[in-house]
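Start at 1 and go down the list; that is how both ligands and their atoms are numbered. Just so it is clear, the model here is predicted, and its values are computed rather than measured.
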Amino acid sequence: MQVTRIATQPIEGQKPGTSGLRKKTRVFIQAGYLENFVQSIWTGIGGVTGRVLVVGGDGRYFNDAAIQVILRMAAASGAAKVIVGQGGLLSTPAASNLIRKRGADGGVILSASHNPGGPDEDFGIKYNMANGGPAPEAVTDAIYAATQSIDHYLTLETPDIDLYTLGETRVGAMMVEVVDPVADYAALMEELFDFDALRELFASGYRVHFDAMHAITGPYAVEILENRLGAAKGSVKNAIPLPDFGGGHPDPNPVWAKELMTAMYGAGAPDFGAASDGDGDRNMIVGKSCYVTPSDSLAVLAANAHLAPGYAAGLKGVARSMPTSCAVDRVAEARGIACYATPTGWKFFGNLLDAGLATLCGEESAGTGSDHVREKDGLWAVLMWLNILAVKRMSVGEVMAEHWAEFGRTYYSRHDYEAIDSQAANGLIDALRAALPAIPGQQVAGLTVSAAEDFSYTDPIDGSTAARQGIQLSFEGGARAVLRLSGTGTEGATLRVYLERFDARDFGQDPQVALAPVAAAIEALAGIKARSGRDAPDVIT
Ligand code: VG1
Ligand code: CO
């Protein structure tokens with residue numbers, strides 16, 4: 001088989017964002033677009049000669065074709081072996097686990113995660129390191145630099161590789177091993193959670209509604225919840241991964257997982273509801289008429305993790321992204337463990353997990369995970385919740401009531417202004433940044449600003465820094481707001497406004513009502529309506 005050298009030139013804009021490179025599928029399928037980026041990954045990581053990689057994706061449109069390109073290019077550049085999920089499928093946490101379990105040098109994950117899929121929607125690609133976690137900024141910067149000077153890529157002339165038959169085949173000098181995408185992941189979950197207790201729970205008639213949103217977690221959830229744990233057949237809804245996710249947004253929140261919300265808030269609701277996203281790393285938890293915000297979910301898991309066998313020894317520490325609510329901080333304080341605040345994006349948790357400084361991590365965007373892999377993990381969070389509920393013999397609502405009674409409630413909401421004009425969005429952040437020194441002490445809409453900063457982070461392990469990670473405004477009395485621009489969108493800019501307010505006594509308010517004063521203060525300070533041209537957020541979660 002022939003290695004071919006194809007001349008190319010740099011393509012603008014191949015800069016990885018919060019989680020890899022995401023673009024419209026139409027952009028990705030242009031001749032040379034994916035190839036340029038893949039060759040730049042090889043360059044950015046110092047080459048793939050002799051290396052072992054894991055490759056898989058969430059099954060969205062272009063997943064299979066992209067994997068063929070990557071396999072040819074890995075072989076042409078001298079990789080020793082690629083381990084690929086059958087049918088090209090791997091959830092993000094399962095890929096992370098495979099990299100770790102098989103001692104691979106890294107992995108390539110194809111997904112635009114919670115973004116919709118299809119020819120007119122989004123595609124994405126990211127590189128994960130030997131620890132199973134997303135490449136840190138030093139590596140994504142090197143990859144981006146390579147995209148700016150690339151002049152050729154290497155590929156192998158070979159027919160399409162069979163991704164459906166399990167086992168090994170040779171492609172040139174490289175071995176391709178097709179593996180069951182679910183088996184190793186399911187085995188890991190059995191190590192962490194009390195499957196006997198969960199089987200008993202389901203045997204007693206406990207009902208779950210898991211919405212896989214026609215994305216990657218379908219096969220994982222059917223195998224674990226229905227086959228191994230005995231949840232009723234059909235508990236996993238929308239279980240077949242589809243290239244366009246059935247036309248939906250595979251983003252597990254009350255807006256996009258409407259079907260689940262309707263079931264959980266209706267008459268005869270099941271005991272427990274959950275959903276995951278495109279690539280299986282996010283989770284949404286909802287009890288009977290009781291939606292759990294991701295920030296609260298992280299706090300509840302931190303307070304109760306020791307009830308699951310894999311965490312019986314307690315937690316070494318916890319970490320949250322900076323915009324995630326401070327609910328988990330209160331648990332950490334009460335338990336006497338450290339709590340770290342990092343910039344948005346799972347890559348910032350990697351060093352804390354590797355160094356044993358944190359056991360649990362979470363993000364307000366429905367991402368929770370632990371040191372069992374180096375990615376957030378949707379189904380893991382679902383099993384952790386179920387394990388806790390099985391031990392406590394409580395409903396989700398009872399667990400929340402107990403939690404707030406002990407730690408107080410942090411009302412929380414995120415307001416997204418999607419696909420607004422990029423210049424307007426940057427103008428808004430720039431103006432706020434420029435005004436920061438003068439903001440503390442100001443009275444706005446009845447609230448007094450106690451601190452205002454542009455968040456920057458220094459990694460406690462390697463000393464790397466990340467600046468300009470979001471404008472954080474704190475108010476007297478324990479309210480806080482964060483404004484930042486999304487790094488995963490593919491159209492214009494998306495402004496995210498994160499709002500929180502602590503209440504030690506009153507737990508029964510509607511979050512939007514409880515947070516209205518904070519939202520009003522932010523509007524007064526940032527002028528979102530005028531600058532974005534929007535009267536209200538597009539998505540409130
Ligand atoms: C969003 C979330 C962030 C998450 C990232 C990747 O990023 O806010 O918390 O880590 O998506 O998640 P941004 O830059 O758009 O705010 V996933 O599940 O889409 O890989
Ligand atoms: Co995801």
Side-chain angles (χ1 to χ4, degrees), residues 15-22 56-60 90-96 109-117 121-128 133-135 137 140 212-213 215-217 220 245 249-253 256 275-284 293-295 297-298 319-325 341-350 361-369 373-381 412 414-420 425 429 455 466 468-470 482-498 538-539 541:
K15 188 173 169 48
T18 311
S19 178
L21 182 69
R22 292 187 194 178
D58 64 8
R60 72 180 59 220
L90 277 177
S91 76
T92 287
S96 181
I109 301 176
L110 291 319
S111 172
S113 191
H114 59 286
N115 300 21
E121 299 295 350
D122 294 349
F123 192 77
I125 174 169
K126 66 172 179 167
Y127 185 77
N128 280 32
E137 290 205 314
T140 55
M213 303 185 91
I216 190 70
T217 40
Y220 294 85
F245 308 118
H249 265 250
D251 191 347
N253 63 44
W256 298 119
S276 189
D277 71 332
D279 61 334
D281 57 0
R282 296 189 181 198
N283 72 90
M284 167 176 165
T293 64
S295 291
S297 176
L298 175 64
R320 62 165 172 87
S321 67
M322 180 273 283
T324 302
S325 95
T342 59
T344 294
W346 211 261
K347 57 183 173 243
F348 293 102
F349 293 133
C361 303
E363 292 192 287
E364 51 63 42
S365 54
T368 344
V373 289
R374 291 294 178 274
E375 286 278 6
K376 52 191 188 271
D377 187 345
L379 213 41
W380 169 91
Y412 190 82
R414 188 177 94 187
H415 294 185
D416 290 332
Y417 299 79
E418 294 186 333
I420 59 177
I429 294 290
F455 182 67
R468 301 190 155 199
Q469 296 295 315
V482 175
L483 294 90
R484 61 178 281 280
L485 300 182
S486 157
T488 59
T490 57
E491 231 179 297
T494 290
L495 171 69
R496 303 203 194 284
V497 182
Y498 310 80
D538 299 279
V539 179
T541 51

Exercise. Against heavy atoms of Gly345, which atoms of ligand 1 measure under 4.0 Å?
Worked result: 10 (O)
For this session: Within a distance under 4.0 Å of any heavy atom of Ser113, pick out the atoms of ligand 1 and give their elements.
Result: 17 (V), 18 (O), 19 (O), 20 (O)
Problem set entry | Close-contact set for ligand 1 against Asp277 heavy atoms, below 4.0 Å | 18 (O)
Exercise. Are Asn115 and Thr488 linked by a side-chain donor-acceptor pair shorter than 3.5 Å?
Worked result: no
Problem set entry | Numbering as shown, the atoms of ligand 1 that approach Ser365 to under 4.0 Å (heavy-atom distance) | 2 (C), 3 (C), 4 (C), 8 (O), 9 (O)
Exercise. Should you measure from each heavy atom of Thr344, which atoms of ligand 1 turn up under 4.0 Å away?
Worked result: 3 (C), 8 (O), 9 (O)
Problem set entry | Atoms of ligand 1 close to Arg496 [distance to a heavy atom under 4.0 angstrom, numbered from 1] | 8 (O), 13 (P), 15 (O), 16 (O)
Exercise. Under 4.0 Å between a Lys/Arg side-chain N and an Asp/Glu carboxylate O for Asp251 and Arg282?
Worked result: yes
Exercise. Is Ser111 close enough to the Co ion (ligand 2) to have an N, O or S atom under 2.8 Å?
Worked result: no
Exercise. When the ring planes of Tyr412 and Tyr498 are compared, do they come out parallel, tilted or perpendicular, using 30° and 60° as the limits?
Worked result: tilted
Seminar exercise, completed: Tested for salt bridge (Lys or Arg N to Asp or Glu O under 4.0 Å) against Glu364, the lone hit among Arg414, Arg484, Lys376 is Arg414
Exercise. Looking only at N/O atoms, are Trp346 and ligand 1 under 3.5 Å apart anywhere?
Worked result: no
Seminar exercise, completed: Here the atoms of ligand 1 under 4.0 Å from any heavy atom belonging to Thr18 are 5 (C), 7 (O), 13 (P), 14 (O)
Seminar exercise, completed: Asp281 heavy atoms within 4.0 Å reach ligand 1 at atoms 18 (O), 20 (O)
